[in-house]
**Student:** 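Mind having a look at this structure? Questions to follow.
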Amino acid sequence: MTQKGLKLFFDDFIKKNAIFTDKKVLQSQYIPESIVHRDEQIRQVANILAPALRVEKPSNLFIYGKTGTGKTLTIKYITNQILESAKENNVDIFTLYINCKLKRIADTEYRLIAQITRQLGKEIPPTGLPTDEVYKIFYSTLEKKKTLLILVLDEIDQLVKKTGDEILYNLTRINEELKESQVTIIGISNDLLFIDHIDPRVKSSLSEEEIIFPPYNALQIQSILKERSDKAFRKDVLEGGVLEKCAAYAAREHGDARRALELIRVAGEIAERSSHEKITIKHLDLAEEKIERDRLSDIILTQPKQFQATLYSIIKIGNEKKGVIFTGEIYELYKSLCDTVGLRPLTQRRVSDIICEMDMLGIINASIISKGRYGRTREISLSVPPQSIPVITNILEEGLDLK
DNA sequence: GTCAATTCACATGAAAGAGACCACGGTCTAGTG
DNA sequence: CTAGACCGTGGTCTCTTTCATGTGAATTGACGA
């Protein structure tokens, strides 16, 4: 494209009838003015948190629900509202929202406490201090504030899975240590069985109240999509059936509204880029493919070489022989691959874990089977759509310098 | 034929080590008046 | 005399290894009918 051509391109871009009117409505951080299909949950949460406005400590609260069922959205919405009323009535409330899954921010005990303290306005070095020192600093800054802190810990199950439930025990004991301030904890978890796996003492004090967010059904997702897309898109850009199909996709995945919104947004982007005036079902299919592909290459690129080598081995074996693959085969190929690439091979123990991680990430399907006399192993198959395999192979070969 | 013991090929768990990163306090060094 | 460089100690964090233990059904082999 010449430079003059570029100017034309941009001019053209502006003139063209944009598909979006307000794209951010479809992004996951967006908080709408009203939340549909969650009246009951909102009422319950509001009831539980309302005492805060009278400076009484609300009960700790635990919220369960699969991804994309509006947990985070609802909590953010309600805490915002509470803050507003608190401001009007001159009540001293502080709310903090922390996502425990964020890497290098709040995914260990130290980091979580440090992050909370930072948000309270006290700088804490990212490492180097003993953990109980950080606790002390946290207590004293909170004590100085003399406030009621509502602490929202999103994806708390991830944190506990990684670091153990000691941290929860410490958190629930905060109030015993504090005189001037109080803390209410709201835990949000995707894992419905999570609470059964933690220490009973912690359990009783942490989940004084429990609320479950059920998945949306296809109809509900449809109306959510309808409402958002009315704001996000220019009128009549959605071809008939697109919304319905999009909702159906998402309902299939345990009613994940976030996914549905992402899907329709990406479909819109694809349509816009290919200068279509309307979003069709074809765009939707393309969008689904693109999302999956982006997700995969994102995962692969951010993983260490060892992970890539293992995945490459799996793909290679999968190409050569149809059907299922076993851990032993992968490890053998992986070892020789390390030899050719000049990588120090990891132990089988570690590779076994890597395979398990891949399963979690949804790149492969692994299930443990026993072949009786012939041992016990994982039965592995790729769960990547076949058309993506060449793309992935390319990425891997590049990452591993195999060309 | 039946049934318990054996056996395979890993899975899974726990603990601990290596190496990167970092804060803190003490000591050394060079520059300044 | 003092600010800044430098060093040692002690801490966290991630990735990994080492060692130990667990596991489920095909196979084996003893046993009795």
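Sequence lines set the chain letters: A, B, ... in the order given, protein chains first and strands last, and positions in each chain run from 1.
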**Student:** Quick one: A:I355 CD1 to B:dA9 P, roughly how many Å, whole number?
**Tutor:**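 These atoms are roughly 17 Å apart.
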**Student:** Roughly how many Å is it from CD1 in A:I368 to P in B:dT12, rounded to a whole number?
**Tutor:**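 In whole Å, B:dT12 P and A:I368 CD1 are 4 Å from each other.
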**Student:** Just how far, in rounded Å, is C1' of C:dC15 from CD of A:Q308?
**Tutor:**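 Between C1' of C:dC15 and CD of A:Q308: 16 Å.
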**Student:** Which comes earlier along DNA chain B counting from the 5' end, the contact point of A:G328 or that of A:R349, where each point is its nearest nucleotide?
**Tutor:**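 Closer to the 5' end of DNA chain B: A:G328.
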**Student:** Measure CD1/A:I330 against P/B:dC10 and give the value in whole Å, please.
**Tutor:**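 These atoms are roughly 10 Å apart.
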**Student:** Checking A:E109 against A:Y135: is there a side-chain donor and acceptor pair closer than 3.5 Å?
**Tutor:**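 Short answer, yes.
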**Student:** Does B:dA11 have its OP1 or OP2 closer than 4.0 Å to a side-chain nitrogen or oxygen of A:T327?
**Tutor:**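 Looking at the OP1 and OP2 atoms of B:dA11, one of them is under 4.0 Å from a side-chain N or O of A:T327.
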**Student:** Answer yes if the side chains of A:D285 and A:Y249 hold a donor-acceptor pair under 3.5 Å, and no otherwise.
**Tutor:**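 Present: a donor and an acceptor within the cut-off.
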**Student:** Quick one: A:I105 CD1 to C:dC13 P, roughly how many Å, whole number?
**Tutor:**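 Roughly 14 Å, once rounded to whole Å.
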**Student:** Under 4.0 Å: is that the gap between some side-chain N or O of A:Y374 and OP1 or OP2 of C:dA25?
**Tutor:**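 False: A:Y374 side-chain N/O out of range (4.0 Å or more) of C:dA25 OP1/OP2.
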**Student:** Is A:R378 near enough to B:dA11 that one of its side-chain N or O atoms lies under 4.0 angstrom from OP1 or OP2?
**Tutor:**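 Yes, such a contact exists.
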**Student:** Looking only at side-chain N and O atoms, does A:T127 come under 4.0 Å of OP1 or OP2 in B:dA23?
**Tutor:**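 Indeed not, no polar side-chain atom of A:T127 lies that close.
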**Student:** Take atom NZ of A:K87 as the centre, draw a 6.0 Å sphere, and report whether it contains more than 12 heavy atoms from other residues, nucleotides or ligands.
**Tutor:**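 It does not: A:K87 NZ has 12 such atoms or fewer within range.
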**Student:** May I ask you to verify whether the side chain of A:R373 and the base of C:dG24 hold a donor-acceptor pair under 3.5 Å?
**Tutor:**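 Between C:dG24 and A:R373, which were checked side chain against base, a qualifying N/O pair under 3.5 Å is absent.
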**Student:** Can you tell me how far P of B:dT12 sits from CZ of A:R350, to the nearest Å?
**Tutor:**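 Rounding to the nearest Å, CZ of A:R350 and P of B:dT12 are 14 Å apart.
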**Student:** Check every strand shown and say whether A:D132 touches a base, only sugar-phosphate, or nothing at a heavy-atom separation below 4.0 Å.
**Tutor:**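 Nothing, no heavy atom under 4.0 Å.
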**Student:** Between C:dG24, C:dT16, B:dA23, which one does the side chain of A:S370 approach most closely?
**Tutor:**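 Given the options C:dG24, C:dT16, B:dA23, the side chain of A:S370 is closest to C:dG24.
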**Student:** Within the structure shown, what part of the strands sits under 4.0 Å from A:E133 by heavy-atom distance: base, sugar-phosphate, or nothing?
**Tutor:**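 It contacts nothing in the nucleic acid.
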**Student:** Please determine if a side-chain N or O atom of A:T347 lies less than 4.0 Å away from the OP1 or OP2 oxygen of C:dT17.
**Tutor:**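 Indeed, a polar side-chain atom of A:T347 lies that close.
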**Student:** Would you kindly check whether a donor in the side chain of A:R376 faces an acceptor in the base of C:dT23, or vice versa, at under 3.5 angstrom?
**Tutor:**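 Yes, the side chain and the base share a sub-3.5 Å donor-acceptor pair.
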**Student:** Is it true that the side chains of A:N190 and A:T67 contain a donor and an acceptor less than 3.5 Å apart?
**Tutor:**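 Judged by distance alone, the side chains do not pair up.
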**Student:** Relative to A:Y139, does A:K136 satisfy both conditions: NZ or CZ under 6.0 angstrom from the six-membered ring centre, and within 45 degrees of the ring's axis?
**Tutor:**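 That pair does not qualify as a cation-pi contact.
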**Student:** Return no unless some side-chain N or O of A:S352 is found under 4.0 Å from OP1 or OP2 of B:dA11.
**Tutor:**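 For B:dA11, OP1/OP2 do have a side-chain N/O of A:S352 under 4.0 Å.
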**Student:** Closest to the A:T377 side chain: B:dC10, C:dC13, C:dT17?
**Tutor:**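 Closest of the options to the side chain of A:T377: B:dC10.
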**Student:** Round to a whole Å and report the spacing from CD1 of A:I113 to P of C:dT12.
**Tutor:**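 Computing the A:I113:CD1 to C:dT12:P distance gives 13 Å.
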**Student:** How many whole angstroms separate atom NZ of A:K371 from atom P of C:dG24?
**Tutor:**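 To the nearest whole Å, that distance equals 17 Å.
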**Student:** Can you tell me if A:Y97 and A:Q119 form a side-chain donor-acceptor pair at under 3.5 Å?
**Tutor:**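 The criterion, which ignores hydrogens and geometry beyond distance, is not satisfied for A:Q119 and A:Y97.
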**Student:** Let me know, please, whether A:C356 or A:P126 comes out on the 5' side of the other along DNA chain B by nearest nucleotide.
**Tutor:**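 Final value for this comparison: A:C356.
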